[in-house]
Amino acid sequence: MAQRTVLFVLFDAVQSLDVTGPLEVFMGAEQHAPGTYRIRTASLDGAPVRTSSGLTLVPDHALDDPLAAHTLVVPGGQGTRTPDPALVGWLREHGPRAERLVSVCTGAILLAAAGLLDGRRATTHWAYCDKLARDHPDVEVDPDPIYVRDGHVATSAGVTSGIDLALALVEKDLGREVALGIARHLVVFLRRPGNQAQFSAQLAAQTAQREPLRDVQRWITEHPDADLTVESLATRASLSPRHFARAFQSETGMTPGRYVDRVRLEHARRLLEDTADGIEEISRASGYGTPEAMRRAFVKALGAAPAEYRRRFRPAPAR
């Protein structure tokens, strides 16, 4: 197998984890399978850059030095808020030459500024999706997934999702066993599928201020198959159903029913991705009761039935 050069673009005020997270994944792959990746870092002039956290990174060389990159990785960070015209120009000229273009977090803003995302579906950090869509109307911005692959271009959401994307790329290049070994070493999930929402149900909702309501949130997460009607949850919180529903929405930003729906959907998705359990068993364990009820929920939320979702997003068998 030919060695792939992975080039990380560095610039002042880059987010350090956007660089080091994916870099550790590709370096881990090289250590597991020597000769598969050549990792390089470069800044415009080859000078050290200072990250947004104050860490100084010393690149291997300047971007103008001749080096054909198989995979060009563009990280994000505060330095993308007012993109350096020289860097954007370099990306516009050299980006199309890479066999694979990858952005982490707001690195998508740099790719878009260089015209490399026009006509493509892409994502970025949730806080900058509106800006990306507003400033670059030719880009189809999807704010939900943790990463998106559109042809040879792959974009990821905030910070740690760059690790998820890098693992997915390594798995595509070298197989599941290599990716699994890296994930174990880094103590991260082998694979969060790209369509997984940037926010889990627990993160999408605010944490309630009052302890009884926080207990209810934990209970819902831990018992998706329980009786989670407003009346039952209100009893657990020692409140009247009307008072409970009003307080829950006020403190979490969503109704109890919406929160329960998100938790059950997230639980079912994890079981479909990570287990071989049958659809009927998963529907019961996730609180849907019947496969048909779960199917309706999946089609409404994801546009795919559970069986189709599993075919698309369950990790491939080991090679």
Side-chain angles (χ1 to χ4, degrees), residues 4-19 21-23 26 39-47 49-52 57 59-143 145-159 161-162 165-166 169 194:
R4 298 174 171 91
T5 297
V6 182
L7 177 62
F8 286 81
V9 176
L10 303 184
F11 49 88
D12 283 326
V14 68
Q15 168 76 42
S16 58
L17 191 56
D18 287 1
V19 178
L23 189 150
F26 286 111
I39 316 298
R40 291 292 182 268
T41 58
S43 64
L44 272 174
D45 56 2
V49 302
R50 189 172 179 83
T51 70
S52 57
L57 300 179
D60 296 312
H61 50 75
L63 285 172
D64 285 338
D65 291 348
L67 180 67
H70 172 277
T71 300
L72 182 63
V73 182
V74 182
Q78 295 176 8
T80 65
R81 295 179 184 176
T82 53
D84 184 337
L87 179 57
V88 172
W90 186 92
L91 289 171
R92 183 179 294 112
E93 179 182 354
H94 295 272
R97 302 178 187 177
E99 292 189 37
R100 190 160 58 193
L101 275 175
V102 177
S103 70
V104 182
C105 196
T106 54
I109 292 176
L110 297 179
L111 292 186
L116 299 173
L117 298 183
D118 288 354
R120 294 189 180 276
R121 179 169 165 260
T123 194
T124 187
H125 190 288
W126 62 269
Y128 293 89
C129 283
D130 286 345
K131 173 179 172 56
L132 181 61
R134 183 176 61 253
D135 293 348
H136 303 281
D138 290 335
V139 181
E140 181 187 346
V141 180
D142 190 339
I146 59 173
Y147 62 81
V148 169
R149 284 186 282 184
D150 186 337
H152 74 290
V153 178
T155 54
S156 61
V159 193
S161 60
L165 176 53
L169 296 176

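Position 1 is the first residue of the sequence, and the numbers go up from there. What you see is a predicted model, and the numbers here were worked out from it, not measured in a lab.
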Derivation and outcome, side chain to side chain contact (heavy atoms under 4.5 Å, CB included), residues I109 and D135: CA-CA 9 Å; I109 292 176; D135 293 348; over 6 Å; no
Salt-bridge contact D130-R134 (side-chain N to carboxylate O under 4.0 Å): no
Reported CG-to-CD distance for the pair L72 and E99, which is rounded to 0.5 angstrom: 12.0 Å
Test item: L91 and V74 side chains (from C-beta on) under 4.5 Å apart, heavy atoms: yes
I146 side chain reached by S156 side chain, heavy atoms, under 4.5 Å: no
Verdict with supporting geometry, Q15 and T80, side chain to side chain contact (heavy atoms under 4.5 Å, CB included): CA-CA 10 Å; Q15 168 76 42; T80 65; over 6 Å; no
Contact check, side chains of V104 and L165, non-hydrogen atoms, under 4.5 Å: no
Interatomic distance, D18 atom CG to L23 atom CG [nearest 0.5 angstrom]: 12.0 Å
Exceeds 12 heavy-atom contacts within 6.0 angstrom, atom CZ of R50: no
Distance-only polar pair, side chains of T51 and S16, donor-acceptor under 3.5 Å: no
Straight-line distance of T41 OG1 to D60 CG, nearest 0.5 Å: 3.5 Å
Derivation of the salt bridge (Lys or Arg N to Asp or Glu O under 4.0 Å) call for D150 and R121: CA-CA 6 Å; D150 186 337; R121 179 169 165 260; over 6 Å; no
Aromatic plane relationship, Y128 with H125 - under 30° parallel, 30 to 60° tilted, over 60° perpendicular: perpendicular
Rounded distance (nearest 0.5 Å) linking atom CZ of R40 with atom CG of L10: 13.0 Å
Shortest non-hydrogen separation from A112 to L132 and the atoms involved: CB-CD1, 3.6 Å
Minimal non-hydrogen separation, L7 against W90, with atom names: CD2-CH2, 4.3 Å
Pairwise side-chain contact, K131 with T124, heavy-atom cut-off 4.5 Å (strictly under): no
pair P83-F11: side-chain heavy atoms closer than 4.5 Å: no
Pairwise side-chain contact, V139 with D118, heavy-atom cut-off 4.5 Å (strictly under): yes
CG on D12 to CG on D84, rounded to 0.5 Å: 9.0 Å
Interatomic distance, T123 atom OG1 to E140 atom CD [nearest 0.5 angstrom]: 11.0 Å
Minimum side-chain heavy-atom gap L117-H136 below 4.5 Å: no
Donor-acceptor under 3.5 Å (R120 side chain, A154 main chain): no
Minimum heavy-atom distance between C129 and P143, given as atom pair plus value: SG-CA, 3.5 Å
Closest non-hydrogen atom pair, S103 against L111: CB-CD1, 3.6 Å
Closest contact, heavy atoms only, P59 versus S43: CG-OG, 3.5 Å
Minimum heavy-atom distance P145-V148, with the two atoms named: CG-CG2, 3.9 Å
